[in-house]
There are 2 protein chains.
Amino acid sequence: MTNDPSTCSNAVLRQAMRRIGQLYDDALAPSGLRATQHGLLATVRKMGSPTMRELAERAVMDLSGLSHTLKPLTRDGYLRLAPDPRDRRARRITLTEKGEAKLGETAQLWRGAQDRFEAVFGMERAVALKSELRILTSPEFQDAFNAAGAEMGTGTR
Amino acid sequence: MTNDPSTCSNAVLRQAMRRIGQLYDDALAPSGLRATQHGLLATVRKMGSPTMRELAERAVMDLSGLSHTLKPLTRDGYLRLAPDPRDRRARRITLTEKGEAKLGETAQLWRGAQDRFEAVFGMERAVALKSELRILTSPEFQDAFNAAGAEMGTGTR
DNA sequence: CTCATATGGATGCATATACAAGCTTACGGA
DNA sequence: TCCGTAAGCTTGTATATGCATCCATATGAG
């Protein structure tokens, strides 16, 4: 069977994501944050006050998807959105004090999950795996994939 | 920064999944199926007539999540659910003729994406990556992760 | 300055998923 | 046979995301 679904790169990636997402979600559960939300808050803290677009790009997310995803976080007061005075179309995202506090609270939980992941899978291996995955998220890979589509006549896009 | 979000295994996995999911979705777009849906149909075909639970396990999905996800597919006539005569609690999932036909239609599209992925990332590398990811989805990994939680006092569950 | 176009987002709609509840059918006793 | 409990699903609710569309602001050409 040349089209065995168990060999589909996308399917395998998705399955791994579901499982690992589960493990991290469980670890963070006591804080009330999902792993996704924790990741976004941490990314915002690291970036300072990114615009929607900047954060979306960093997180490899669709702009509209990010817009939806941020709602629970702004609703709960962890993030604040304010129009950029330089360009009033843009909205700058900032971590509130409550958000900072929450990140302080989740630090242990997240670290625990991360440590367990590295302990069980192996640090070297974990680093190598993430390295490979980052290549997949690079714009270069995306471009090459689409270019291959043109060459192989499988769909340009 | 020991809690750099860019090193979070979960975040990196998710980002890769979003990107690759996008590429496969685009490739399958002409068929009207999402990559996820295509994967489910193909898995059902491969399994025969699995019950909800069996399919959920194979797909590393939550049973309720699967229940919701199958709705568009049954609604559109690609799949049919029928109670198992042996155990009327269980429901067997079968691919309809329309579903078979659709899979025939998507075969080329999926193969194209898969080929491009392998061509761009490298066949060896793709195989190795999937191998690593499959380990993450194994029950053994999950158990080890949770066991580590108990030992490291980070959260038993 | 004025308008066409590009840029930055927000919103409606649809699928993807998970958890908590609730319902129905099986099954192993007492 | 009657129960209590387990097993297998479905449904309600909430977050996660992407596409198409729409609104507002910025920009560059004339």
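All of these numbers come straight from a predicted model, not from anything done at the bench. Below, chain A is the first sequence line, B the second, and so on; all start at residue 1. Note that these values count all heavy atoms, side chains included, but never hydrogens, waters or copies made by symmetry.
- Per the geometry, CZ belonging to Arg75(A) stands 9 Å off P belonging to dA14(D), to the nearest Å.
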For Glu105(B) and Lys98(B), run salt bridge (charged side-chain N to carboxylate O under 4.0 Å, His left out): C-alpha distance rounded to whole Å, both residues' side-chain angles, the deciding distance at 0.1 Å, then the answer.
CA-CA 10 Å; Glu105(B) 184 188 334; Lys98(B) 186 175 174 187; over 6 Å; no
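- Phosphate proximity of dT17(D) to Gln22(B): absent, as no side-chain N or O sits under 4.0 Å from OP1 or OP2.
- Applying the 3.5 Å distance criterion, the base of dA10(C) shares no donor-acceptor pair with the side chain of His68(A).
- Along DNA chain D, the nucleotide nearest to Thr51(B) and the one nearest to Leu66(A) differ in position, and the one closer to the 5' end is contacted by Thr51(B).
- An OP1 or OP2 oxygen of dA24(D) is reached within less than 4.0 angstrom by no side-chain nitrogen or oxygen of Arg88(A).
- One finds no side-chain N or O of Arg91(B) lying less than 4.0 angstrom from the OP1 or OP2 phosphate oxygen of dG8(D).
- Summarising the geometry, the separation between CG on Leu40(B) and C1' on dT15(C) is reported as 12 Å, rounded to the nearest angstrom.
- Summarising the geometry, the separation between OH on Tyr24(A) and P on dA18(C) is reported as 18 Å, rounded to the nearest angstrom.
- Both Asp84(A) and Met17(B) lie close to DNA chain D; mapped to their nearest nucleotides by heavy-atom distance, the more 5′-ward contact belongs to Met17(B).
- In the set dC19(D), dA16(D), dC19(C), the nucleotide with an atom closest to the side chain of Gln37(A) is dA16(D).
- Rounded to a whole Å, the CG atom of Asp62(A) is 15 Å from the C1' atom of dA16(C).
- Residue Arg134(A) qualifies as enclosed at atom CZ: its count of foreign heavy atoms under 6.0 Å is above 12.
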Using the rule given for salt bridge (charged side-chain N to carboxylate O under 4.0 Å, His left out), can you reason through Arg92(B) versus Glu54(B), listing the C-alpha separation, both sets of side-chain angles and the distance that settles it, and then say yes or no? CA-CA 9 Å; Arg92(B) 298 239 163 237; Glu54(B) 290 166 346; 3.5 Å; yes
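- Summarising the local packing, CZ of Arg86(A) is surrounded by 12 or fewer heavy atoms from other residues, nucleotides or ligands at distances under 6.0 Å.
- Applying the 4.0 Å criterion to OP1 and OP2 of dT17(C), one finds that Arg18(A) has a side-chain N or O inside that range.
- Heavy atoms of Asp25(A) sit nowhere under 4.0 angstrom from any nucleic acid atom.
- Dashed line: the shortest gap from a side-chain N or O of Arg89(B) to OP1 or OP2 of dT24(C) is not under 4.0 Å.
- Within the 4.0 Å cut-off from OP1 or OP2 of dT15(D), not a single side-chain nitrogen or oxygen of Thr36(A) is found.
- Of the side-chain N and O atoms in Ser67(B), one or more sit less than 4.0 angstrom from OP1 or OP2 of dT10(D).
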Requested in this report: Please report the C-alpha distance between Asp84(A) and Arg91(A) in whole Å, then the side-chain angles of each, then the deciding distance to 0.1 Å, and finally whether the salt bridge (charged side-chain N to carboxylate O under 4.0 Å, His left out) criterion is met.
Outcome: CA-CA 5 Å; Asp84(A) 182 331; Arg91(A) 296 190 156 246; over 6 Å; no
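- The residue among Asp87(A) and Thr69(B) whose nearest nucleotide of DNA chain C is located toward the 5' end is Asp87(A).
- Rounded to whole angstrom, the span from the CG atom of Leu41(A) across to the C1' atom of dA16(D) amounts to 15 Å.
- At the phosphate of dT17(C), OP1 or OP2 sits under 4.0 Å from a side-chain N or O atom of Arg14(A).
- The phosphate of dA14(D) (OP1 or OP2) has no side-chain N or O of Lys71(A) nearer than 4.0 angstrom.
- As rounded to whole Å, 21 Å separates atom P of dT7(C) from atom CZ of Arg86(A).
- Rounded to a whole Å, the CG atom of Leu73(A) is 14 Å from the P atom of dA10(C).
- If you measure from atom CE of Met61(A) to atom P of dA16(C), you get 17 Å, rounded to the nearest angstrom.
- Counting only heavy atoms from C-beta on, Ala90(B) has its side chain closest to dG8(D) among dG9(C), dT11(D), dG8(D).
- Atom-to-atom distance recorded for Thr137(A):OG1 and Arg14(B):CZ is 14.5 Å, nearest 0.5 angstrom.
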